[in-house]
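Written below as C-alpha cells is the structure these notes are about.
Chain A is the first sequence line, chain B the second, and so forth, proteins listed ahead of strands; every chain is numbered from 1.
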Protein chains: 2
Amino acid sequence: MQTVRKDIHNSEVPVLCQSCEARHQGICGALSAEQLVTLSKQSRRVHRSEGEELLGDAMPITGYANVLRGVVKLTKVLEDGRQQVVGLQFAPDLLGRPFAQESRVSVETASDVDLCMIPKPALEAMMRDSGALEHRVMMQALRELDEARDWMVTLGRKTAGEKVASFLYLIATHIDPSEDEAITTFDLPLSRADIADFLGLTIETVSRQISKLKADKVIEIANYRHVTVRDLAQLRLRCG
Amino acid sequence: MQTVRKDIHNSEVPVLCQSCEARHQGICGALSAEQLVTLSKQSRRVHRSEGEELLGDAMPITGYANVLRGVVKLTKVLEDGRQQVVGLQFAPDLLGRPFAQESRVSVETASDVDLCMIPKPALEAMMRDSGALEHRVMMQALRELDEARDWMVTLGRKTAGEKVASFLYLIATHIDPSEDEAITTFDLPLSRADIADFLGLTIETVSRQISKLKADKVIEIANYRHVTVRDLAQLRLRCG
DNA sequence: CGCGCCTTTGACAGCGCTCAATAGGTGTGG
DNA sequence: CCACACCTATTGAGCGCTGTCAAAGGCGCG
C-alpha cells in the first residue's frame, strides 16, 4: 500500500495551482496545500495583452500578482517625459512592492502575459502567518536588488555596444525559466523603444548596435523580433 | 510610584546599545531587551578609517554590521577596471547581503565610520526566531531596492548637470539621519573620484558641473569638501 | 493595394571623455 | 615660518560617441 503525503497529494492542491510554475519556483512553493487552498480561493488567473498598464506610478496598490508567462516591465518617468525601465519581471516573479501603500513605478506588460492576481490583504495576512512565505518574498526582493545593482553598472559604465550585448545576453539567459542555460534562439519580448528605455539609449543607437552585431555575425535577426545567437561566447565577451 | 516597562528599562539594555541609533530607527528596534542582550554579547563596536575595504567582491560573508556613523560605499568593477558605486549606506543601515554566502559587491568606507559588527550566525539565528527582526531587515532591503531603482533613472536618463545636482540633493537629504529635512551645509563624504563612480561620469565632468553650480550661485564650496547649499529649490529643480 | 507603424540608415551636432597643464591644500623638513 | 613635494581638484583643448533630426525601408492590416 502506498503512503500518501498530504502536502503533495494533488487532490488537495487547487485546480488553479496544479500546473502552475509559481507553486514550484515561485512564492507559492512556501505554502502548504491547505494554505494554497485558502489563497487560491481569493486569487484569479487573468490574461493581459502587450502594452497594457497594470498599475500606474503613485497609484494605490490593491494587490500582488504572480507572473505565469510573459514579461512585465517596471518603468519610471521624469517630468519632461524621459523614461527608464528599472526592472523586468519574468515567470515566476511576484509583482507588487511588498507592504507599500502606493506604487513607486509604473507596471506595464512588455509582451502578452498570464498573471495570477492575489489581493493585497490576502497575501499580507498569509505572510504574517507564515514566516516561510515572507522569507521567500524577501529572497525575491534581495534577488531583485542584486539584479538592479548589476544593471547600475551597465547603465553607468558600459558603452552602447556593451549595453546592447548585455541586454541580449540577459534575455537569452532569462527568457525561459525552465532552462538553466542560455537559449540561443528566442523572440525579443521588448520593442526597440523598450530596449532603449531599459539601456538608457535612443532607439536609433539600439538599432545601430544590433545591426553591428548582425554584420559581425554574432547574431541573426528575422522579422525584427526573432533572434538567433550565432556566437554566444562572443556576445558574452562584448558585455564588457 | 512610577511604572517601569521592562522593555525600555535602561538597566536591562546593554551598555553598548544604550545610546545607539540602530536601536531606534535601525534593525535593533525590532528586538526586545532580552534579545538585545543576547545579540550585544556577540557584537562589537569598531572604528574604520576612510578608504578601508571592509569586504571584497566574491569574498565569503562572515558577518553583518550596523553603520553607526559615516558613509559606506558598495562598488562593482568591470574586468578592465571601470568602476561603479551601486549603493551608499548611512547610519543606521545594516551592512551585509542577508543570507548570501559570498559578497556580490566590494564594501569600502567612504569616510571614517563606526560600525557594530554582528556575526552572521548570530543575526541569522535571531532572524529565524524573530519574525519582527526578519521583517525589519526585509523592509530595509525593499528600501534599498527603491533607492537603486531611483538611481537607475539618474544613471540612464539624466545629463551630467542633473546627475551632480541629484547627488548633492541626495547627500543634503541623507547625510544626517536625525534630520527629516534637507540640511543646507555639510561636508561631502565622498571624493570627486567616488562621486564620479557613483554618477557614471569622470572626475573632470563632476568638477566642471560643481564649478557651474558654484558660478550660478546655487552652492558654495570651501576646501573642496565643505558645501553650503545657497538655493535648495534651484538645486532640486536641476535634478531633472 | 495603400496606409500606418516600427525599424533601419544617414548626416550632423553636441555632450561628455581623453589628455594635458595648472591651481590649491596638506604635510614634511629645513 | 617658509620652501617644497605630493595629492586632489580645477580648468582647458580637442575629439569621439551617442543623440537629434530626417528620410527611407519593411511588415502587418484593412
Side-chain angles (χ1 to χ4, degrees), chain A residues 49-51 73 78 80-84 108 110-112 154-168 187-216 218-227 238 240, chain B residues 49-51 78 80-84 110-112 154-168 187-216 218-227 238 240:
Chain A
S49 303
E50 174 178 339
K73 59 181 168 130
L78 294 176
D80 62 3
R82 281 174 288 176
Q83 201 164 19
Q84 177 68 46
E108 290 168 57
S111 66
D112 282 21
T154 301
L155 288 173
R157 286 306 185 194
K158 291 188 185 178
T159 64
E162 291 167 340
K163 285 180 177 179
V164 170
S166 300
F167 169 75
L168 291 174
D187 284 318
L188 284 178
L190 271 65
S191 69
R192 296 291 186 273
D194 286 338
I195 298 172
D197 284 342
F198 189 41
L199 296 172
L201 298 171
T202 59
I203 47 177
E204 294 93 333
T205 300
V206 171
S207 183
R208 269 185 264 270
Q209 295 301 331
I210 288 180
S211 296
K212 185 181 290 188
L213 287 171
K214 206 164 45 176
D216 295 353
V218 181
I219 60 170
E220 286 172 13
I221 295 207
N223 285 351
Y224 301 135
R225 286 283 187 120
H226 191 74
V227 177
R238 294 192 185 210
Chain B
S49 302
E50 174 178 340
L78 293 175
D80 62 4
R82 280 175 289 176
Q83 200 164 17
Q84 177 68 46
S111 66
D112 283 20
T154 301
L155 289 173
R157 286 304 185 198
K158 292 189 185 176
T159 65
E162 291 167 340
K163 284 180 177 180
V164 170
S166 301
F167 170 76
L168 291 174
D187 283 318
L188 284 177
L190 271 64
S191 69
R192 296 292 186 275
D194 286 338
I195 299 173
D197 284 343
F198 190 42
L199 296 172
L201 298 170
T202 59
I203 45 178
E204 294 93 331
T205 299
V206 171
S207 184
R208 270 184 263 269
Q209 295 302 330
I210 287 180
S211 296
K212 185 180 291 187
L213 287 171
K214 205 163 46 176
D216 294 353
V218 180
I219 60 170
E220 286 173 13
I221 294 207
N223 286 350
Y224 301 136
R225 287 281 187 122
H226 191 76
V227 177
R238 295 191 184 210

Salt bridge (charged side-chain N to carboxylate O under 4.0 Å, His left out): pairs with one or both residues in residues 201-215 of chain A, sequence neighbours excluded
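Counting only pairs at least two positions apart or across chains, no salt bridge (charged side-chain N to carboxylate O under 4.0 Å, His left out) contact touches residues 201-215 of chain A.
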First locate atom CD1 of B/Ile219, then atom CD1 of B/Ile210, and finally report the distance between them rounded to the nearest 0.5 Å.
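Separation between the atoms: 6.0 Å.
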For the atom pair CG (A/Leu78) and NZ (B/Lys158), what is the distance rounded to the nearest 0.5 Å?
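NZ of B/Lys158 is found 6.0 Å from CG of A/Leu78.
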With sequence neighbours excluded, tell me which residues meet side chain to side chain donor-acceptor pair (under 3.5 Å) with [X].
X: B/Asp216; value: B/Arg238
X: B/Thr159; value: B/Glu162
X: A/Asp80; value: A/Arg82
X: B/Arg157; value: A/Asp197

Measure the angle between the two terminal helix axes of the helix from C/dC1-D/dG30 to C/dG30-D/dC1, five base pairs each, and quote it to 10°.
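About 30°, once rounded to a multiple of 10°.
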Would you mind telling me which residue lines up with the more 5' stretch of DNA chain C, A/Val206 or B/Ala160, judged by nearest nucleotide?
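Counting from the 5' end, the first nearest nucleotide belongs to A/Val206.
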Applying side chain to side chain contact (heavy atoms under 4.5 Å, CB included), can you list everything that pairs with A/Leu188, at least two apart in sequence or on another chain?
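With sequence neighbours excluded, A/Leu188 shows a side chain to side chain contact (heavy atoms under 4.5 Å, CB included) to A/Phe167, A/Leu168, A/Phe186, A/Arg192, A/Ile195, A/Arg225, A/Val227, given in chain and number order.
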How would you list, by chain and number, every residue that makes a side chain to side chain contact (heavy atoms under 4.5 Å, CB included) with A/Ser111, sequence neighbours excluded?
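With sequence neighbours excluded, A/Ser111 shows a side chain to side chain contact (heavy atoms under 4.5 Å, CB included) to A/Val71, A/Val113, given in chain and number order.
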Which residues in residues 188-205 of chain B have a heavy atom closer than 4.0 Å to any atom of DNA chain D?
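DNA chain D contact set from residues 188-205 of chain B: B/Ser191, B/Arg192, B/Glu204.
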DNA chain C contacts among residues 207-215 of chain B, heavy-atom distance under 4.0 Å:
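Those residues are B/Arg208.
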Nucleotides 24-30 of chain D: protein proximity per nucleotide (B base, S sugar-phosphate only, - neither; heavy atom, under 4.0 Å)
-BS----
Between [X] and [Y], what is the shortest heavy-atom contact and its length?
X: A/Val206; Y: A/Ala196; value: CG2-CA, 3.7 Å
X: B/His226; Y: B/Asp187; value: ND1-OD1, 2.8 Å
X: B/Ala110; Y: B/Leu190; value: CB-CD1, 3.8 Å

Tell me the interatomic distance from [X], atom [atom1], to [N], atom [atom2], rounded to whole angstroms.
X: A/Ile221; N: C/dC6; atom1: CD1; atom2: P; answer: 17 Å
X: A/Asp187; N: C/dC6; atom1: CG; atom2: P; answer: 18 Å
X: A/Arg225; N: C/dT8; atom1: CZ; atom2: P; answer: 11 Å
X: B/Asp80; N: C/dT18; atom1: CG; atom2: P; answer: 11 Å
X: A/His226; N: C/dT7; atom1: NE2; atom2: P; answer: 16 Å

Who passes salt bridge (Lys or Arg N to Asp or Glu O under 4.0 Å) against A/Lys73, sequence neighbours left out?
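Only A/Glu108, A/Asp194 meet the salt bridge (Lys or Arg N to Asp or Glu O under 4.0 Å) criterion with A/Lys73.
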